[in-house]
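Worksheet for the structure shown next.
Just so it is clear: chains get the letters A, B, ... in the order the sequence lines come, proteins before strands, and each one is counted from 1.
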Amino acid sequence: MQELPKTFSPKDFEEALYKKWEESGSFAPDPDPSKKPYSIMMPPPNATGTLHLGHATMLAIEDIMARFKRMQGFATLYLPGTDHAAIATESVVIKKLQEEGMRNPKEELGREALLQKIRDFVENSKNTIRNQVRKMGTSCDWSRERYTFSDEMNHAVNELFTMMYTDRLIYRGDRIVNWDPKMQTTVADDELEYVEEKSAFYTFQYGPFQIGTSRPETKFGDKVVVMHPNDPRYAQYKHGEEIGPFEWINGPTMATVIKDEAIDMEFGTGVMTITPWHDTTDFEIAERHKLEKIQVIDEQGRLLPIAGEFAGMKIHEARPKIVEKLAAKGLLLSTDENYMHNVAVSYRGKGKVEPQIMKQWFVDVNKAVIDWKGKQLSIKEVLQDVVHSGMIKIVPDRFDKIYFHWIDNLRDWCISRQIWWGHRIPVWYKEGEVKVGETSPGEGWIQDEDTLDTWFSSQLWTFSTLGWPEKTPDLMRFTPSDVLETGYDILFFWVARMILGTTYALRKSGFPEEKSIPFKNVYLHGLIRDIRGKKMSKSHPETCIDPLDMIEKYGTDAIRLSLVIGGTPGNDMRLYEEKIAGFRNFVNKIWNGARFVLMNLDENTPQDLDPSIFSRADKWILTRLNEIIEKATTQLETYQFSEAGMTVYDFFWGEYCDWYVEMSKVNKNPAVLKHVLKDCLKLLHPFMPFVTEAIWELTEGAPNKMLMIAEWPKANLAWNFEEETEEVQRVMEVVSTLRSLRAESNVDATKKIHAIIYAHEDLGLLQAKAEIIKRLANLGELDLSETGEKVEKSLATFVGDIEIFLPLADLIDFDQERKRVEKEIQELEKYIEGIERKLSNPAFAQNAPKEILDKEKSKLEESKSKLEKNKSQLTTLTK
RNA sequence: GGGCGGUUAGCUCAGCUGGUUAGAGCGCCACAUUGACAUUGUGGAGGUCGGUGGUUCGAGUCCACUAUCGCCCACCA
């Protein structure tokens with residue numbers, strides 16, 4: 001037997017083991033059609049990114065599920081991929097080119113050359129993230145790796161676009177959109193972030209009204225004044241009434257009175273003017289009343305000719321001058337310099353967003369075109385139905401509400417983007433004619449310049465990766481996927497959109513409803529925060545944790561555990577280095593537990609367990625193992641990853657190592673020792689694949705029987721020894737008591753008294769014995785250092801060879817003991833009375849589920865027998 | 001304004017449909033240690049589960065109110 005190092009060094013194993021797994025081909029699903037399929041589609045990280053803790057968490061949880069299911073015998077597909085991340089990638093590359101000295105890369109390079117630059121960049125950096133995903137031990141099928149901007153994906157995107165266009169679900173229209181002047185593109189509602197900003201808030205005299213604004217530069221085109229229909233202050237003004245002329249920025253103007261309930265009477269003066277071209281609310285008011293919409297600011301953020309002398313100026317330049325002019329005219333009533341309000345910025349580019357009306361492509365979310373459960377439903381209605389009907393379950397379920405609320409507020413989805421990096425809109429124009437299709441319809445046709453929102457392609461992720469629109473064997477086998485695991489922060493961005501795109505596309509492709517969903521379950525993990533509860537940020541390097549550094553320092557298994565244990569779905573979790581170090585210690589504990597077992601194995605160790613030679617300790621640990629297997633399996637199946645991990649962790653460290661292995665030093669059964677270790681390795685493998693596989697290799701040796709594809713353990717019902725288990729646990733309690741006494745007392749070593757624990761079936765007396773020993777110690781009559789050892793030995797051999805002496809009457813305060821037992825009896829009687837009352841309640845007896853009823857009954861029985869024991873103990877004590 | 005979550009040991013967090021004495025890791029204190037493991041072992045200290053009230057035989061768990069921190073959505077003229 002080779003000498004194994006005392007500490008487990010992850011670096012010596014991880015790379016080689018991963019290579020071995022990957023080369024074995026077992027990351028790919030078993031092609032055997034009789035095997036039940038199980039599939040997880042990895043949310044694709046950005047092709048240009050590096051692995052952060054969000055990815056690491058995602059990969060850890062997904063890999064636990066994949067490995068668990070694979071060991072359970074499912075044909076498990078865990079499909080990896082990367083995302084082209086349209087706007088994020090384009091802005092990164094442009095920024096890089098600018099840093100290299102290019103002033104305006106888009107102008108200087110032109111479309112094709114810039115795209116080539118981005119393509120090269122992506123190709124180059126894709127490998128980084130790929131290797132980092134491997135470093136996490138992720139057991140995904142690299143032979144099926146996909147990319148959201150591959151030719152196949154492009155084909156799927158075009159197909160979907162064409163289908164939706166044909167159904168008139170996609171339309172082109174003038175709508176207000178979020179325009180990012182910095183990136184020169186539209187941004188989706190969900191991609192906006194709001195940052196608080198302090199700016200001046202002005203109140204101007206506008207005809208007979210006072211209006212407030214923080215944006216005077218938009219006010220040129222305002223010819224409408226709006227107030228709430230119920231506002232008594234303005235009851236004298238009639239809806240549609242013309243006011244004016246009166247003096248305004250560039251001379252006299254007229255205004256129309258509009259009454260609309262969107263106005264908040266409490267805010268400011270309760271009156272406002274509207275700028276429909278540059279404000280979403282204003283746009284909606286204008287739509288409702290069919291008002292004229294005038295553009296004031298152009299796409300570069302400059303004022304248009306309507307601004308007169310201010311035309312051509314940038315917003316920040318024009319604003320003070322306009323205020324100055326109005327002040328000179330005496331129309332500025334007040335200025336609040338400390339007005340706090342939220343400014344919309346692009347989630348990606350961080351540029352300030354300027355609402356604009358532009359010609360864009362939209363997806364209609366209200367048009368009923370999907371054939372669903374015998375009705376024609378709209379996208380919105382299908383989105384609601386799949387979650388409402390339970391076809392898709394969200395874990396934790398409180399996110400249902402948030403999801404439904406989002407749908408209620410969902411407006412038509414603007415899918416066109418004015419950037420170059422992305423799926424180009426498959427629409428062609430010629431002399432006012434429009435055609436939709438993947439390739440040019442012929443001579444003279446010009447393709448739409450815009451590209452599609454990145455989420456338009458990623459919504460197809462779960463099924464286009466399997467070959468759609470072709471009906472490939474993979475598509476037929478693995479759709480819908482079993483679970484989508486992701487952070488709750490992209491529930492709207494992506495999860496909801498996937499449901500949207502998938503239900504539509506697959507239903508239209510002839511799939512039945514239950515197969516036309518992207519996934520059956522959604523598991524949402526929380527965000528990882530630093531020790532202070534703040535978002536991890538590179539500006540705080542002292543608390544910011546890089547998963548790759550941690551892998552380097554503590555090993556992948558440790559970081560995986562630290563990201564999973566202590567976390568609950570949908571809740572954020574704090575991470576700090578000490579926690580990772582703690583799990584590194586557990587990894588090492590397993591290594592050393594295994595080392596001990598290996599030292600105790602030899603060629604004579606039988607392969608099979610022989611129940612006829614089971615000691616009580618063997619029976620105990622096997623019974624406990626059964627319980628742990630069942631508990632951990634259930635917890636894994638119900639997405640309680642943290643609990644499942646803790647279950648096995650506690651068992652392995654607290655019971656197997658601390659007690660069973662210790663007992664084995666006195667009296668061992670190597671076959672059982674090995675058996676329990678092997679099952680623990682299996683149970684722990686999904687959480688910590690490397691150390692478990694490394695040990696498996698050492699214990700099993702055979703190169704073809706990897707732990708990764710070993711069969712998930714099952715409880716062996718023939719080995720449930722409840723009585724022995726209870727007994728062992730009682731003795732463990734006594735030993736603990738002894739240990740504590742040994743630590744507490746300073747008994748003179750010369751006074752040696754052998755404590756005696758006599759074999760008696762009665763539980764109450766056994767506990768009383770511990771008490772006796774305690775009192776002996778207090779009287780200085782007992783050398784606990786010796787006694788403790790003896791008891792431990794007795795536990796180990798379980799022969800009950802400890803001697804006893806019995807000056808009971810001298811040592812026990814019978815009165816006090818009697819009082820204690822009497823009190824216990826009283827409590828038990830009260831408890832039993834309670835259960836009986838509950839059971840005799842007809843409402844409870846009729847309505848409660850059978851399991852609950854049985855549970856209550858067994859509790860009742862248990863308490864009754866306990867009561868009996870206490871009563872007999874009481875009579876003993878009374879004698 | 002609407003919604004959601006957190007509040008449990010010094011710190012970070014578990015605690016599944018209510019059930020005996022509320023748990024873990026880290027930290028702290030004491031002791032141990034030559035053969036699995038100091039990345040260790042044993043023992044200990046430390047909690048009126050944010051507050052008030054209610055339902056119940058029984059509440060960390062359910063209900064109402066409340067305090068406080070955080071998040072999401074909408075609005076911000």
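Nucleotides C11(B) and G2(B) are separated by 35 Å at their C1' atoms, to the nearest Å. Taking atom C1' on both A45(B) and C29(B), the two are 7 Å apart, rounded to the nearest angstrom. Look at the P atom in both U66(B) and G1(B): the space between them is 13 Å, to the nearest Å. Distance noted for atom C1' between U39(B) and C69(B): 36 Å (whole Å). Taking atom P on both nucleotides, G23(B) is separated from G43(B) by 15 Å, rounded to a whole Å. C62(B) and C16(B) are spaced 15 Å apart, taking the C1' atom of each and rounding to whole Å. Separation of the C1' atoms belonging to A14(B) and C26(B) is 14 Å when rounded to the nearest angstrom. Between the C1' atoms of A24(B) and G15(B), the separation comes to 10 Å (whole Å).
Asp264(A) comes within contact range of at least one nucleobase, with a heavy-atom separation under 4.0 Å. Within the 4.0 angstrom heavy-atom criterion, no nucleotide atom of any strand lies near Thr269(A). If you check every strand for non-hydrogen atoms under 4.0 Å, Leu575(A) touches nothing. Contact annotation for Ser214(A): backbone-only contact, meaning every heavy-atom pair under 4.0 Å involves sugar-phosphate atoms and none involves a base. Contact annotation for Phe8(A): no contact, since no heavy-atom pair falls under 4.0 Å across all strands. In this structure, Thr273(A) reaches the sugar-phosphate backbone alone: every heavy-atom distance under 4.0 Å involves primed, P, OP1 or OP2 atoms, never a base. Within 4.0 Å (heavy atoms only), Val587(A) reaches no atom of the nucleic acid at all.
Between Asn585(A) and U40(B) there is a side-chain N or O to OP1 or OP2 distance below 4.0 Å. For G41(B), the OP1/OP2 oxygens have a side-chain nitrogen or oxygen of Lys589(A) closer than 4.0 Å. Contact annotation: Lys665(A) side-chain N/O to A36(B) OP1/OP2 distance is under 4.0 Å.
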Dump every N/O contact between nucleotides 13-15 of chain B and the protein below 3.5 Å, one line per pair.
residue : atom : partner   : partner atom : Å
C13(B)  : OP1  : Arg574(A) : NE           : 2.7
C13(B)  : O3'  : Gly566(A) : O            : 3.3
C13(B)  : O2'  : Gly566(A) : O            : 3.1
A14(B)  : OP1  : Thr568(A) : OG1          : 3.0
A14(B)  : O2'  : Glu643(A) : OE2          : 2.1

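Inter-residue side-chain proximity for Phe283(A) and Lys293(A) is flagged as met; some heavy-atom pair is nearer than 4.5 Å.
Counting to the nearest Å, the C1' atom of U39(B) and the CZ atom of Arg595(A) are 13 Å from each other. In this entry the distance linking CZ of Arg532(A) with P of C69(B) reads 18 Å, nearest Å. We find that CH2 of Trp659(A) is positioned 20 Å from P of C37(B), with the value rounded to whole Å. Between Met663(A) atom CE and A36(B) atom P there is a gap of 16 Å when expressed in whole angstrom units. Rounded to whole Å, atom P of C37(B) lies 14 Å from atom CH2 of Trp653(A). Rounded to whole Å, the distance from OH on Tyr488(A) to C1' on C71(B) is 6 Å. Between Arg411(A) atom CZ and C73(B) atom C1' the separation is 12 Å, expressed in whole Å. As a whole-Å value, the separation of Arg398(A) CZ from G6(B) P is 6 Å.
The two atoms that bring Leu563(A) and Met573(A) nearest to each other are O-CE, 3.3 Å, heavy atoms only.
Below 30°, between 30° and 60°, or above 60°: for Tyr237(A) and Tyr234(A) the angle between ring planes is between 30° and 60°, a tilted geometry. Note on ring orientation: taking the six-membered ring where Trp is involved, the planes of Phe204(A) and Tyr202(A) are parallel (angle under 30°, cut-offs 30° and 60°). Between Trp406(A) and Phe492(A), the angle of the ring planes stays under 30°, which puts this pair in the parallel group of the 30/60° scheme.
Using N1 to N3 plus N6-O4 or O6-N4 for Watson-Crick, or N1-O2 and O6-N3 for G-U wobble, each under 3.5 Å, U20(B) pairs with nothing. In this structure U40(B) sits in a base pair with A32(B), meeting the Watson-Crick or G-U test at under 3.5 Å. The nucleotide C75(B) finds no pairing partner, because no Watson-Crick or G-U wobble arrangement with both distances shorter than 3.5 Å includes it. The partner of G60(B) cannot be assigned: no Watson-Crick or G-U wobble pair with both contacts below 3.5 Å exists in any strand. Under the Watson-Crick and G-U wobble criteria, each requiring two contacts below 3.5 Å, nucleotide U55(B) is left unpaired. The base-pairing partner of G70(B), taking Watson-Crick or G-U wobble contacts with both distances under 3.5 Å, is C4(B). With both pairing distances under 3.5 Å, G27(B) is matched to nothing as a Watson-Crick or G-U wobble pair.
Electrostatic pairing of Glu284(A) and Arg411(A) counts as a salt bridge here, judged by a charged N lying under 4.0 Å from a carboxylate O. A salt bridge between Lys11(A) and Glu552(A) is present, with a side-chain N of the basic residue lying under 4.0 Å from a carboxylate O of the acidic one. Between Arg288(A) and Asp260(A) there is a salt bridge, since a side-chain N of the basic residue sits under 4.0 Å from a carboxylate O of the acidic one.
Between the side chains of Thr275(A) and Asp222(A), a donor-acceptor pair is found at a separation under 3.5 Å. Counting only N and O atoms by type, the side chains of Glu354(A) and Asn178(A) include no donor and acceptor under 3.5 Å apart.
Remark on RNA chain B: of its neighbouring residues Val271(A) and Asn600(A), the 5'-side contact belongs to Asn600(A), judged by nearest-heavy-atom nucleotide.
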